[in-house]
4 protein chains.
Amino acid sequence: MKERDQNMEQLILETAERLFMDKGFALTSTTEIAREAGCNQALVHYYFRTKEKLFESIFERKAQLMLSAILKMDDPSQPFEERLRNLVENHFDIMVKNPKLPFLFLNELLTNPKRLEIMTQKFRTIPMTVMERFTDDLQKEIDKGRIRDVTPISILLTVLSLNLTPFIIKPIFQQMTNVSDELFDVMIEERKHENIRILMRSLVP
Amino acid sequence: MKERDQNMEQLILETAERLFMDKGFALTSTTEIAREAGCNQALVHYYFRTKEKLFESIFERKAQLMLSAILKMDDPSQPFEERLRNLVENHFDIMVKNPKLPFLFLNELLTNPKRLEIMTQKFRTIPMTVMERFTDDLQKEIDKGRIRDVTPISILLTVLSLNLTPFIIKPIFQQMTNVSDELFDVMIEERKHENIRILMRSLVP
Amino acid sequence: MKERDQNMEQLILETAERLFMDKGFALTSTTEIAREAGCNQALVHYYFRTKEKLFESIFERKAQLMLSAILKMDDPSQPFEERLRNLVENHFDIMVKNPKLPFLFLNELLTNPKRLEIMTQKFRTIPMTVMERFTDDLQKEIDKGRIRDVTPISILLTVLSLNLTPFIIKPIFQQMTNVSDELFDVMIEERKHENIRILMRSLVP
Amino acid sequence: MKERDQNMEQLILETAERLFMDKGFALTSTTEIAREAGCNQALVHYYFRTKEKLFESIFERKAQLMLSAILKMDDPSQPFEERLRNLVENHFDIMVKNPKLPFLFLNELLTNPKRLEIMTQKFRTIPMTVMERFTDDLQKEIDKGRIRDVTPISILLTVLSLNLTPFIIKPIFQQMTNVSDELFDVMIEERKHENIRILMRSLVP
DNA sequence: TATGAATGAGTCTTCATTCAT
DNA sequence: TATGAATGAAGACTCATTCAT
């Protein structure tokens, strides 16, 4: 009993994470979380007070994870081109490990203005230096004639577009093509290199 | 009075469309639709039976619109490269006119399995010949050495990724950068050509 | 059916009034109101949106009733002593007609700070002139040596104390003494004159 | 640790008393009591079984305190008029020390019929002799023509009315007049003598 | 003595839907 | 065609209480 007891809070958290990932905040009810976790609905509120707080604790952890992953992936000792390659690859790998995260982020940020504002503040304060250095280094490459004249935001948008979309539309793609999870994983791995290739080609002067 | 009466069904439809676009199916209530349309709540159900049916009639019309737009954009008389260029550009232009559609589609298809299944059946039956001809023509270009060896699905995924993402993340981007609607429209127009450029460069052998 | 239908909103209101009077806002549940009114709980919210709004609509009406009764009871054409006599008597008579009102007011104003503030604003704005005239007239009587030197607030407090308390403690008194409703009514009528007597005697110089 | 432990029961009791006084039985939750006492929520129930029992133990103690204070205040060796004066003054002084008690008593007795019944039984048994002696002595004074013909209950009601009301409406009065606590205390002290005066004047033949 | 975990019952509220008119 | 009334089901949340430890 003790093991179950000690696990219950964790179990609720995991169940909630799974359901929030699948259906988003609005479509997941605390009743359902409780049912799937095998406990009373009141217990969900006992541990997390409100559905909102429960969600935020999950959301924030995921945001932190993703943010730190992005921040630490940048290694200034390498040549710029190599760093870009790594950026795409590492970002893509994070998506591989958290395939449902992109949709969750999109869904909640687009659906709930309050959440968008909070997330914005979080993102705006932290990675400014990273962004500035990236901008500087890019400008140097452009000046040297090694990269086409392009804004940093444009590059980031390209990376985001190429890397996020496969994961976001995965369920739709699978439903439409009957591709198995295994085959999809193979295709995804290929896609990673394709994305690197597309980005690199897009930058040659 | 009669004009209002005849218009009411249409007005409800338009109001519902706007609200569904803004907040999705789940977060839009029939009460709200009725209130914004300026009619009785029961009238919404009188015309459309259920919220689900009301949504489907809108969703289907939008899907049809988008599908037909995509289908008719392909003109076999032009050279393949030109056709691709047109594909990206036309698809992008449709997004410009319906900027909220991508997220609505994503959201509802990913959120509601039933909806995904229905939509799949609709998409699977119709455009097979188009897809097959595209595949054939692409293969010919590859054989002629004019295009790198790449699957048609890969190309479509690239187009989708590049074209959908700017519109989907628009609100997030604007919140984070304080970019005005006008400036964003300018950036979007530039992005269209950037996307064409990226795709074309990605296909050179 | 139609009669019941048209009466339902009214019936809910009356039931709510009765229950709020008996047990106050907090101890009355919308479920109970619905049960006693013989309707679905949702209907209570259909007509009044929230429990709070339902209560306020009752509370405000009662406050208005009491306020207007107090305001219009003052007739400057009569001699001051006569007016005081009337004040006590009329105020007492209002209590006779709404015996549970004093407790409801006390309970909600003391229990809910928000309500107290709203009520304060309502009372502060309206009867200022009445209060000022009362103060003036009292001062004249004092100057003429017809009334002991006493503040208007002191007089009002005496009136309130004497007039409200019998009604507030009525249930306690009846439980303790087994006095019937009929006998109590007789005692109440006597008490009215007693209160007038006590006030008048308290004012002689 | 032991001291804290031994104090805990007392601390809970004191915290509960304070909260019950402030907000009454219904609006005070055991969760809140525990939080403010700085202990586990279960501990409240460990010591007092139920919220009801906890309240009753407080309520009863307060009732006892007030009752005994009233009983012992009566000194038959003094002249009747002096005793009455003392009655009002002492009762008023008890209120000064427990200003929130009147409303708590009223609220709980009027709100909870069970509580009213229990309290009634308690009050009925004990002070009968006191009441009877008071009645006798009063009658003698009336017979001697020193006091107007008046029932003992009428006198008690007058005392209660005059003495309780200022304390009960204190928060309302302060909100409406912005009178500070200090000034209110001064006014209260004056009111005590005013009440004695009013009662005495009301009794002259 | 003390507590963390757990629960059943109840709170207010919203919603899609139905039905008589 | 249109609507006011009504409802069942579900939502999030709170609370007093119990129990094993």
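The chains referred to below are lettered A, B, ... by the order of the sequence lines, with proteins before strands, and numbering in each begins at 1.
A donor and an acceptor atom, one from each side chain of C:Glu60 and C:Gln64, are nowhere located under 3.5 Å apart. At a cut-off of 3.5 Å, with distance as the only test, a side-chain donor of C:Thr30 or C:Gln41 sits close to an acceptor on the other residue.
Both tests pass for A:Arg115 against the ring of A:Phe25: distance under 6.0 Å to the centre and angle within 45° of the axis.
Side-chain nitrogen and oxygen atoms of B:Ser29 include none within less than 4.0 Å of the OP1 or OP2 phosphate oxygen of E:dT14. The side chain of D:His45 places no N or O atom within less than 4.0 Å of a non-bridging phosphate oxygen (OP1 or OP2) of F:dA16. OP1 and OP2 of E:dG4 both lie 4.0 Å or more from every side-chain N or O belonging to A:Tyr47. Here D:Thr30 does not reach the OP1 or OP2 of F:dC15: none of its side-chain N or O atoms lies under 4.0 Å away. Phosphate contact (OP1/OP2 of E:dG4, side-chain N/O of D:Asn40, threshold under 4.0 Å): present. Using a 4.0 Å cut-off, no side-chain N or O of D:Thr50 falls inside it from OP1 or OP2 of F:dA16.
Projected onto DNA chain E by closest heavy-atom contact, C:Lys51 and D:Tyr46 fall at different nucleotides, the more 5' of which corresponds to D:Tyr46. Remark on DNA chain F: of its neighbouring residues A:Thr31 and D:Thr31, the 5'-side contact belongs to A:Thr31, judged by nearest-heavy-atom nucleotide.
Of the possible polar contacts, one joining the A:Lys51 side chain to the A:Thr28 backbone as a donor-acceptor pair under 3.5 Å is found.
In this structure E:dA9 sits in a base pair with F:dT14, meeting the Watson-Crick or G-U test at under 3.5 Å. Of the nucleotides present, E:dA2 is the one that pairs with F:dT21 by Watson-Crick or G-U wobble criteria, both distances under 3.5 Å.
The side chain of D:Ala42 approaches E:dG4 more closely than any other nucleotide in the set E:dA16, E:dG8, E:dG4.
Between the P atom of F:dA2 and the CE atom of B:Met8 lies a distance of 7 Å, rounded to the nearest Å. Taking atom CZ on D:Phe25 and atom P on F:dA16, their separation rounds to 8 Å, with Å as the unit. Rounding to whole angstrom units, CD of residue C:Gln10 and P of F:dA5 are separated by 13 Å. Remark: C1' of E:dT14 and CD of C:Glu52 are 18 Å apart, rounded to the nearest angstrom. If you measure from atom CG of A:Leu11 to atom C1' of E:dA6, you get 14 Å, rounded to the nearest angstrom. Rounded to a whole Å, the CG atom of D:Leu43 is 14 Å from the C1' atom of F:dT17. Rounded to an integer number of Å, the gap from C:Leu27 CG to F:dA16 C1' is 15 Å. When the P atom of E:dT18 is taken as reference, atom CD of B:Gln41 falls 12 Å away, rounded to whole Å.
In plain terms, the two heavy atoms of B:Ala34 and B:Val44 that are nearest each other are CB-CG2, 3.9 Å.
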